[in-house]
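The structure under discussion appears below in the form of structure tokens.
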Amino acid sequence: MKFIKAVLFFVVIMVALVVGVLFSTRNSQAVSLDLIFFQLPPMSMAIWLLLSLAMGMLLCAFIYSVVTFKLKRHNTQLQRQLSKANQSQSLNKVI
């Protein structure tokens, strides 16, 4: 099973590298980004696209981690309420 996982991981990495090389060769023209307050230096369009992809992925990961943290905290509160309810229910049965 480990061997199959390693081979599959290797194949996925190789496919990603090939796609990355093809992407960068097809988008090699230099482009400068003009933001509202300043202008960024000319770089390959592939680099700008990959940078924007990476920033989007980081932003999504941050938002997802915040949402996950809130849900885990809420889940912990509900677990406490459930254990208190179970304890009070078991005390009522004894009495």
Side-chain angles (χ1 to χ4, degrees):
M1 187 66 174
K2 287 183 181 182
F3 178 72
I4 294 173
K5 240 185 203 181
V7 170
L8 185 62
F9 181 74
F10 180 75
V11 169
V12 168
I13 293 297
M14 289 315 231
V15 169
L17 284 173
V18 168
V19 168
V21 167
L22 289 174
F23 179 77
S24 65
T25 57
R26 302 237 180 215
N27 295 300
S28 62
Q29 60 271 23
V31 176
S32 63
L33 292 182
D34 187 12
L35 302 174
I36 295 173
F37 299 110
F38 57 93
Q39 186 171 5
L40 297 172
M43 292 173 66
S44 168
M45 184 182 292
I47 292 175
W48 287 124
L49 290 171
L50 291 174
L51 284 174
S52 66
L53 175 69
M55 292 297 291
M57 289 170 60
L58 288 173
L59 182 64
C60 286
F62 175 73
I63 291 171
Y64 179 75
S65 65
V66 169
V67 169
T68 302
F69 177 73
K70 286 182 180 180
L71 288 174
K72 283 184 179 182
R73 191 177 62 198
H74 185 65
N75 190 23
T76 303
Q77 291 173 351
L78 291 175
Q79 289 290 341
R80 283 189 204 133
Q81 288 177 359
L82 181 62
S83 65
K84 285 180 184 178
N86 286 339
Q87 285 176 357
S88 66
Q89 185 181 13
S90 64
L91 287 175
N92 288 338
K93 286 182 180 180
V94 171
I95 297 175

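For reference, positions follow the sequence shown, starting with 1. Both backbone and side-chain heavy atoms feed into the values below; hydrogens, waters and symmetry mates do not. Note that the structure is predicted; figures quoted are calculated from it, not measured.
Between atom CE of residue Met43 and atom OG of residue Ser28 there is a gap of 13.5 Å, rounded to the nearest 0.5 Å. Between the OG atom in Ser52 and the CE atom in Met57 there is a gap of 11.0 Å [rounded to 0.5 Å]. The line from CE of Met55 to CG of Leu50 is 13.5 Å long, rounded to the nearest 0.5 Å.
At a threshold of 4.5 Å between side-chain heavy atoms, the hydrophobic network of Ile, Leu, Val, Met, Phe, Trp and Tyr places Met14 and Val7 in two separate groups. Side-chain heavy atoms closer than 4.5 Å link hydrophobic residues (I, L, V, M, F, W, Y) into clusters, and following such links, even through other members, never connects Met1 to Phe3. A continuous path of Ile, Leu, Val, Met, Phe, Trp and Tyr side chains, each step under 4.5 Å between heavy atoms, connects Val19 with Val11, placing both in one hydrophobic cluster. Val21 and Phe23 fall into different hydrophobic clusters, defined by Ile, Leu, Val, Met, Phe, Trp and Tyr side-chain heavy atoms under 4.5 Å apart, directly or through other members. Under the 4.5 Å side-chain heavy-atom criterion for Ile, Leu, Val, Met, Phe, Trp and Tyr, Leu40 and Ile36 are members of the same hydrophobic cluster.
Ser44 contributes a side-chain N or O that, together with a main-chain N or O of Asn27, makes up a donor-acceptor pair within less than 3.5 Å. Remark: side-chain polar atoms of Trp48 are paired, donor with acceptor, to backbone N or O of Val31 under 3.5 angstrom.
Under the 4.5 Å side-chain criterion, counting only non-hydrogen atoms from C-beta, Ile63 is in contact with Leu59.
Closest approach of Pro42 to Ala30, counting heavy atoms only: CB-CB, 4.3 Å.
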- Task: Applying side-chain contact (heavy atoms from CB on, under 4.5 Å), run through Phe9 and Lys5 and close with a yes or a no.
- Result: CA-CA 6 Å; Phe9 181 74; Lys5 240 185 203 181; over 6 Å; no
- Message: Walk me through whether Ile47 and Leu51 qualify under side-chain contact (heavy atoms from CB on, under 4.5 Å).
- Response: CA-CA 6 Å; Ile47 292 175; Leu51 284 174; 3.9 Å; yes
- Task: Could you give me the CA-CA distance, side-chain angles and deciding distance for His74 and Leu78, then say whether side-chain contact (heavy atoms from CB on, under 4.5 Å) is met?
- Result: CA-CA 6 Å; His74 185 65; Leu78 291 175; 3.6 Å; yes
- Report the C-alpha distance between Thr76 and Arg73 in whole Å, list the side-chain angles of each, state the deciding distance to 0.1 Å, and finish with yes or no for side-chain contact (heavy atoms from CB on, under 4.5 Å). CA-CA 5 Å; Thr76 303; Arg73 191 177 62 198; 5.7 Å; no
